[in-house]
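Below is one structure, written out as structure tokens, with a few remarks after it.
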Amino acid sequence: MGAFKNQRITKFLEMSKVLIWSLVLIVLVAADDYPLPFERDFPEVFRGQTSRSGEEVYRLPTNVLPIEYDIFIDLYFAERAEKPFSYDGREYIIIQALEDDVTQIVLHSNVDYISTISIFADGTPVPLIADKPFELVHQYHFLKINMVQPMLVGLNYTLFISYSSTMNEGPMKRGIWRGWYIDENDVERVYATTHFQPYNARQAFPCWDEPFFKAVFTLHLSRSTSYVGRFSNTASASVTALSSGRVQDNFLPTPKMSSYLVTFLVSESFQVIAEDKSFTPAIRIIGRSNAIGMGNHALNLAVKMTSFFDDYLQMPYATLNPNLMNDHISSPDWASAGTENWGMVSYRELHMFINPRETVVSAEHYSATLISHELAHKWFGNLITCYWWSNTWINEGYASYFGYIATNEMFPQYRFDDHFNNRYLQASLSYDSSASTEPMNHEVNTPAQVTAHFGTISYSKAASFLRMTVDIMTPETFRKANQYFLRTNAYEPTNQYDLYDAFMKAINEDMSLAPYSDFNFTEYYRTWVNEPGYPILYVNVDHSTGDIALRQTRFFLSPSATPTDQVYPIPITFSTKRNPNFETRAQYMMGVERMVVTKDAGEEWVIFNNLQHGIYRVNYDTHNWEMLASALKNDHDSIHHLNRAQIVDDVFALMRAEKIAYNLGFQILDFLKQDTSYYVWFPAISGFNWFRNRFLHLPEVLAEYDEILHEFLDAVITELGYDVPQNETLTRTLNRFYVLSFACSVGHKGCIDDAIAKYQTYRNGNPVSPNIQRHVFCQGILNGGYDDWAYLYQKRIDSNNQAAAVQMLRGLGCTTNQQAIERHLNSILSEEVKAQDRLNAFTFLFQGDRGNGRAALPFIKERIDDIRKGVVLAASFNSFLTNLASNMDEEGLVELEEWLQTNPIPEASVGLNAITSARSNMHWGTQNADVILTAARGSATVFLPTTIVLIASLVALFLI
Ligand SMILES: *[C@@H]1O[C@H](CO)[C@@H](O)[C@H](O)[C@H]1NC(C)=O
Ligand SMILES: *[C@@H]1O[C@H](CO)[C@@H](O)[C@H](O)[C@H]1NC(C)=O
Ligand SMILES: [Zn+2]
């Protein structure tokens with residue numbers, strides 16, 4: 001699955017999202033109960049790790065296996081007037097029983113209507129129970145078929161099912177759905193396509209819809225002859241003419257694979273918009289008819305990365321199966337960022353059409369990592385597949401790891417090796433520090449649990465875990481292990497035990513753990529895969545002897561969390577002032593709570609966790625922190641930029657966790673006033689914002705805090721400038737993009753004045769670089785009138801580039817003009833904003849100004865049902881309510897609360913909970929403002945009585 005669905009944009013909110021289901025108590029039972037007939041003998045050490053809960057009733061029994069599907073789907077668009085946008089299906093599934101008493105076959109079905117079910121063995125009908133041949137259990141999407149006699153083991157049965165169903169409107173509900181776009185002649189064009197991951201193939205055809213049940217799929221699609229653009233996992237082998245203007249494509253059989261990877265797209269006008277025929281089959285980019293020429297950038301990425309993987313894995317894609325295509329679909333509508341359907345990967349168009357004149361560098365970056373991510377899935381995910389979503393970290397961790405590390409090999413200009421930390425490592429540390437976080441291997445059962453497991457842990461933590469493991473076993477051994485893993489498990493479901501076996505085989509052959517005496521890799525692997533969280537390393541240096549005492553314990557962000565005795569085996573790396581090696585190969589392995597390492601005697605700073613490759617935070621004795629603070633201030637280049645970034649990221653977390661004092665924290669952070677590195681500023685912005693978001697209700701505190709931030713920002717802004725020069729590094733461009741967005745949002749006058757001037761230039765028809773548009777649009781709209789808003793609104797409607805249009809959508813949300821807000825709200829619920837963008841569009845508006853939620857309330861109350869329908873998914877509607885409350889001022893909260901207390905909607909409690917947490921954030925700010933301001937001011941002694949009085953009065957106002 002393409003990373004990060006649509007919450008990607010509301011990153012900061014996402015981090016604090018509470019996963020209610022993770023609180024469900026998990027019952028531990030032995031793995032032997034687990035009904036997997038093919039489970040191999042796993043090392044004893046892993047047994048007892050598989051947890052189960054009563055929700056396992058959502059899982060299919062494994063006593064019957066599908067071997068082959070032959071599926072016929074007749075697609076109808078408008079041509080069947082009495083039943084538009086629907087389909088009829090027939091399928092023949094060859095199945096086998098694995099046990100000898102099976103009289104009931106259970107599979108998934110979520111189609112509208114099943115008309116016939118029959119079973120044959122050797123061409124003879126098998127009798128079904130007359131008064132109840134089959135039953136549907138809606139909650140589990142189960143179709144249960146009742147036979148009179150038990151099935152014979154080892155015999156092939158053919159299960160025939162005919163059914164009919166309806167296409168979903170828009171991408172969000174997945175299954176078979178229809179999308180649309182306006183073509184070059186202003187004609188609305190409809191297309192139908194599929195999105196089955198993780199459990200939506202059952203909407204298209206009844207099937208064993210769990211990744212474990214791999215089978216061969218042969219698709220036959222019929223359509224009206226005018227729908228000439230049709231694509232699927234494999235090539236169309238033949239076309240059968242049907243009556244009344246219809247034809248049927250017979251696609252070649254797929255390799256043995258999981259049901260979620262089946263796909264097709266049928267349209268009147270989609271076509272190949274870029275292609276490289278030097279590969280067999282050709283690598284093709286497919287898109288809407290008015291996108292010719294827009295796919296070249298994506299093609300270049302796909303071509304280079306395919307070559308990379310072919311070589312690195314020594315299993316060229318073309319050899320995996322002769323029938324598979326090598327297509328990449330750019331879909332104007334898509335529920336996630338991209339989906340790795342085998343042979344036909346689909347992407348949201350936003351990430352495919354990169355054009356440096358129109359596309360912001362962050363989108364170009366994302367596109368490169370996404371395409372590599374989906375390509376990596378062709379092996380890690382499709383060829384081998386996690387047997388169940390509890391282990392989705394194997395699919396997603398590998399794809400995410402290669403999305404950065406492999407891409408860096410082919411496109412070093414992006415510096416993805418360095419960017420990995422901001423995107424994955426730090427995101428993982430942030431998310432994984434709560435008491436309710438879950439391990440990578442985590443039992444999930446219900447659809448909501450499955451969806452939620454496609455999150456930070458399975459992507460970011462798993463990718464970071466793989467990188468940390470590479471630092472221990474070396475890149476060569478890792479490469480070898482990957483090849484073993486793929487070869488041994490190709491076309492089969494797999495899990496963490498198989499991966500462990502492959503690691504061990506390669507490690508033993510290469511003796512790559514020889515440098516680490518007493519290191520138990522089994523325990524390392526078991527801990528990181530099965531235990532939640534990560535450690536903090538306490539470092540205490542005795543400079544007279546050179547002894548460095550280390551102690552680790554699980555890190556919790558909450559100061560009141562109960563400590564655990566969990567030990568995490570971690571690679572120890574460190575640099576010192578006199579030996580600034582900043583090397584990432586593990587120097588020691590620490591598998592115990594305490595140990596001592598040594599350096600040369602003598603006063604000097606030390607830094608642990610070189611380049612922040614290990615999944616842990618570090619805290620030092622005060623003296624070392626002070627030496628670091630002064631080294632950072634006087635000569636920050638003596639410390640690697642990734643370790644400067646690590647220090648920033650750790651220091652903010654340590655202050656919040658009350659593990660170092662704010663005074664010391666800000667003393668260390670003081671170097672930001674001279675440092676202009678992107679890597680350093682990225683975590684700094686998020687750290688500064690976290691505090692600032694808790695001061696928004698305290699005008700005087702906020703004003704002073706912002707003043708302080710301006711001081712921090714001056715040097716980096718001066719270095720970067722307000723314009724985007726030609727020929728600078730992409731990382732520098734990206735830095736300006738984030739720094740100026742932040743600077744303007746905290747009221748930096750130079751930034752705002754420049755942005756307003758640039759917006760006027762833009763209004764006069766001159767281009768503004770996409771890499772500064774975010775803050776230019778926002779400030780232009782915020783400080784402008786209705787006409788300024790309407791100008792950008794029209795630009796967005798006219799845009800043919802989704803990435804550009806999303807930037808504009810964000811800018812439009814910055815208005816505080818009542819007329820503009822009203823028009824904007826109506827626009828969001830109309831066809832002008834695609835379903836996939838609606839939640840973000842609302843969030844941009846609420847974030848645009850703290851008063852906007854309140855201004856939108858009358859509209860929200862009146863149109864709440866349309867909003868629920870407009871954002872489509874229950875989870876999106878809940879996020880809508882949460883985002884509304886989290887961005888409101890107290891006046892707005894009161895009004896929202898009064899309304900929700902009348903129970904106008906079933907989801908009222910979601911909104912009320914968000915109000916409570918918004919108030920508790922304010923409360924935290926009120927409580928801590930004084931000490932933080934004092935520390936940030938850089939003076940531990942100044943005491944400002946006015947602030948105290950102000951805080952006291954605000955407490956009185958808000959919190960009683
Ligand atoms: C069962 O069907 C599969 C798939 O068509 C075939 O390969 C296999 O030989 C059949 N087995 C028997 C016992 O007929
Ligand atoms: C390594 O750790 C595992 C537990 O993860 C344990 O069962 C095994 O005995 C350990 N091996 C050694 C040599 O200590
Ligand atoms: Zn993925």
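Only this structure's heavy atoms are used, side chains among them; waters, hydrogens and symmetry mates stay out. Read the numbers this way: they start at 1 and go in the same order the structure lists the ligands and their atoms.
None of the N, O or S atoms belonging to Glu374 lies under 2.8 Å away from the Zn ion (ligand 3).
The Zn ion (ligand 3) lies closest to atom NE2 when only the N/O/S atoms of His373 are considered. Looking at His377, its N, O or S atom nearest to the Zn ion (ligand 3) turns out to be NE2. Note on Glu396: its N/O/S atom closest to the Zn ion (ligand 3) is OE1.
The two residues Ile105 and Met147 come nearest to each other via the heavy atoms CG1-CE, 3.5 Å. Closest of all the heavy-atom pairs between Pro211 and Cys386 is CB-O, 3.4 Å.
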Worked check of salt bridge (charged side-chain N to carboxylate O under 4.0 Å, His left out) between Arg554 and Glu531
CA-CA 11 Å; Arg554 179 167 171 191; Glu531 301 295 339; over 6 Å; no

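Checking each of Phe251, Trp208, Phe264, Tyr69 against Phe217 for a ring pair (Phe, Tyr, Trp, His ring centres under 6.0 Å) leaves exactly one that passes, namely Tyr69.
Within 4.0 Å of ligand 1, protein heavy atoms belong to Glu68, Ile94, Gly154, Asn156, listed by chain and number.
Within the 3.5 Å criterion, the main-chain N or O of Ser512 finds no donor-acceptor partner in the side chain of Asp510. Checked by atom type and distance alone, the side chain of Asp498 never pairs as donor or acceptor with a backbone atom of Thr494 at under 3.5 Å.
Between Tyr317 and Trp379, the ring-plane angle classifies as perpendicular under the 30° and 60° cut-offs.
Residues passing the salt bridge (Lys or Arg N to Asp or Glu O under 4.0 Å) test with Arg90, sequence neighbours excluded: Asp74.
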